[in-house]
Amino acid sequence: MDNSGKWLENVDWLVMWEATKQTLYMTAISVVATFILGTLLGMLLFLTSKGNLWENKPINTVISAVVNIFRSIPFIILIVLLIPFTTFLVGSMIGETAALPALIIGAAPFYARLVEIGLREIDKGVIEAARSMGATTGTIIWKVLLPESLPALISGITVTGIAIVGYTAMAGAIGAGGLGNLAYNLGFQRNQNDVTFVATVIILIIVFVIQFIGDFITSKIDKR
Amino acid sequence: MISIKNVSKIFPSKQKDLTAVNHVNLDIQDGEIFGVIGYSGAGKSTLIRMLNGLELPTEGTVTVAGREISKIKGSELRKARQEISMIFQHFNLLWSRTVSDNIAFPLEIAGVSGPQRKQRVAELIKLVGLEGRENAYPSQLSGGQKQRVGIARALANNPKVLLCDEATSALDPQTTDSILDLLVDINKRLGLTIVLITHEMHVIRKICHRVAVMESGKIVELGSVLDVFKNPQQPITKRFVKQVTEPEETNETVEHLLSRYHSGQVVQLTFIGESAELPLITNLIRNHDVTANILQGKISQTRSGSYGTLFIHLDGAEEEVNKAIDYIRSQQVGVEVVSNG
């Protein structure tokens, strides 16, 4: 037992800082990649759905099925399932970069659904108006669909980003590094509860900051 | 300008196919303000959407400004749409853009360069009377102002035809009138052909040259607005005409009058065009030994003349009353005896 001494005596702040940087790295890359991939998937889901510009039932059904499957696999199992894919892509299963494929593949389908919901909230009349002006589908996507759904896209990526922070902790447990890894290895396995406590507080701070930034941007751009 | 030939639109459905538009033929002249009136579900929305290819006819052809809209596709159709603008009941502005940027949108689509765009937007803002609101967002505007933005946006690329989809139905009566005045002004100044659909006879009366009445996908009556007012044929047309010529409470009032006057006659006079402006009542009581009591009346202006109804009670010797009625008839005024006292 190592936790008999003074308050926070087991906390090595340098190691804690390294772990924080790893968590931030995993979160940042995953959020950016999820934003791009999820927006793409969500846009495709929306455009191919009934009554929309690229209405196409087979394609819509396929994308929808893929999204649902990946959304319903528990994250911890997804990491295990993706081991061959990750080793092929990254070359190893250890380290924070190795966590990225699973994080992105886990989060993007979830975000894609949020994007689709956001796009569906756009008034159909606005799309009709753009068509009546002779806009191409590309113009409608870039100048109508994306700007008009932007608040929903931002609040969606905020929610997804926070979920990703949680996922990084889980990925940490199987060797990806970061605060989750630290809390598991030192805090849980060596019973250093102060390390777990500090790691948790830092994760909470990261979550609060993400939420604050998301809310701030949403309120700034929403002119409705 | 616009020619609709034998056009039908059928929406397939599992239970029963819905025929929204049923073999419609229509020709609309260059520079005309043409109204289509009908209740909801009559097919007028579908009809107007076939004029810019938002809906394709199941059969028949639609030609606008020399282009066969029902046939062209892709970039040719998009090019044509820049000449056939549309305004909407719910305005359909982009909330994420300011007034200026909303008006600039069709110019961006047409590939107009930045400085030219700016100049054109300034002109349009002035045309629709929105000076000072350039940087406001749609959420900060009233309904009338939003429709003005819609109109400015529709005029941006100098279209040949303006389609109005229930453009005033979401506005209060006063704002409706100011938007209608703006449409008339644009029609005169730019020589634009305007096609509008509505369920309000008031709109037709105020600005249209000709009107088509639609019911269950068919055009049941077509003619100049004054002719349709003067001589409505179909029951549905009569109902629409009543919207503006007779106040709602007319029936009750007439019943009340019948119970009150026991002698003489209550007659309904219908004035059309110039006859509405003659001093009929003055001549009537000067030349005949009757008393004339005005009970209720209304005169409506249309683009090509006025149209009015008047209820009067005539009392006196029966012979004199009949002579008076004959006199009114001779003045080309419609007379209908509502009761015998």
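Below, chain A is the first sequence line, B the second, and so on; all start at residue 1.
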Engineer: At a 4.5 Å cut-off on heavy atoms, which part of A:I122 comes close to chain B: side chain, backbone, both, or neither?
Structural biologist: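 Neither the backbone nor the side chain of A:I122 comes within 4.5 Å of chain B.
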Engineer: More than 12 non-hydrogen atoms from neighbouring residues, nucleotides or ligands closer than 6.0 Å to OH on B:Y39, yes or no?
Structural biologist: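 Count over threshold, so yes.
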Engineer: Answer yes or no: does atom OH of A:Y25 have more than 12 heavy-atom neighbours from other residues, nucleotides or ligands under 6.0 Å?
Structural biologist: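 Correct, the count exceeds 12.
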Engineer: For the residue pair A:A135 and B:I109, what are the closest heavy atoms and their distance?
Structural biologist: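 For A:A135 versus B:I109, the nearest heavy atoms are CB-CD1, 3.5 Å.
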Engineer: Walk me through it: do A:K143 and B:R97 pass the test side-chain contact (heavy atoms from CB on, under 4.5 Å)?
Structural biologist: CA-CA 10 Å; A:K143 297 199 164 185; B:R97 288 174 171 238; 3.8 Å; yes
Engineer: Within the side chain of A:R224, is there an N or O that forms a donor-acceptor pair under 3.5 Å with the backbone of B:W95?
Structural biologist: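 Judged by distance alone, no pair lies under 3.5 Å.
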Engineer: Counting only heavy atoms closer than 4.5 Å, note whether A:T139 contacts chain B via side chain, backbone, both or neither.
Structural biologist: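 The side chain, not the backbone.
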Engineer: Please say whether more than 12 non-hydrogen atoms of neighbouring residues, nucleotides or ligands are located less than 6.0 Å from CZ in A:F75.
Structural biologist: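 Yes, CZ of A:F75 has more than 12 neighbouring heavy atoms, counting only those of other groups under 6.0 Å.
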Engineer: What part of B:L77 gets closer than 4.5 Å to chain A, counting heavy atoms only: side chain, backbone, both or neither?
Structural biologist: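 It is neither, since no heavy atom gets under 4.5 Å.
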Engineer: Could you walk me through whether A:M133 and B:Q82 pass the side-chain contact (heavy atoms from CB on, under 4.5 Å) check?
Structural biologist: CA-CA 5 Å; A:M133 291 175 216; B:Q82 292 176 13; over 6 Å; no
Engineer: To the nearest 0.5 Å, tell me how far A:E128 CD sits from B:H90 NE2.
Structural biologist: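 Atom-to-atom, A:E128:CD and B:H90:NE2 are 11.5 Å apart.
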Engineer: Would you mind checking which part of B:I84 comes under 4.5 Å of any heavy atom in chain A, side chain (CB onward), backbone (N, CA, C, O), both or neither?
Structural biologist: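 Only the backbone of B:I84 comes within 4.5 Å of chain A.
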Engineer: Do any N or O atoms from the side chain of B:N92 and from the backbone of A:G125 form a donor-acceptor pair under 3.5 angstrom?
Structural biologist: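 Confirmed, B:N92 side chain pairs with A:G125 backbone.
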Engineer: Can you tell me how far CZ of A:R131 sits from CG of B:L54, rounded to the nearest 0.5 angstrom?
Structural biologist: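 Answer rounded to 0.5 Å: 5.0 Å.
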Engineer: Under the 3.5 angstrom rule, does the side chain of B:S139 hit a backbone N or O of A:K223 as a donor-acceptor pair?
Structural biologist: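 Checking the backbone N and O of A:K223 against the side chain of B:S139, a donor-acceptor pair under 3.5 Å is found.
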Engineer: Taking atom NZ of A:K124 as the centre, does the number of heavy atoms from other residues, nucleotides or ligands within less than 6.0 Å exceed 12?
Structural biologist: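 Yes, enclosed.
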Engineer: With rounding to the nearest 0.5 angstrom, report the CG to OG distance, B:L51 to A:S132.
Structural biologist: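 The CG atom of B:L51 sits 12.0 Å away from the OG atom of A:S132.
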Engineer: Would you say that more than 12 heavy atoms from the other residues, nucleotides or ligands in this model lie under 6.0 Å from the CZ of B:F11, or not?
Structural biologist: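 Above 12, so yes.
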Engineer: If we define contacts as heavy-atom pairs under 4.5 Å, which of B:R153, B:Q140, B:K79 has the most with chain A?
Structural biologist: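 Of the options given, most contacts go to B:R153.
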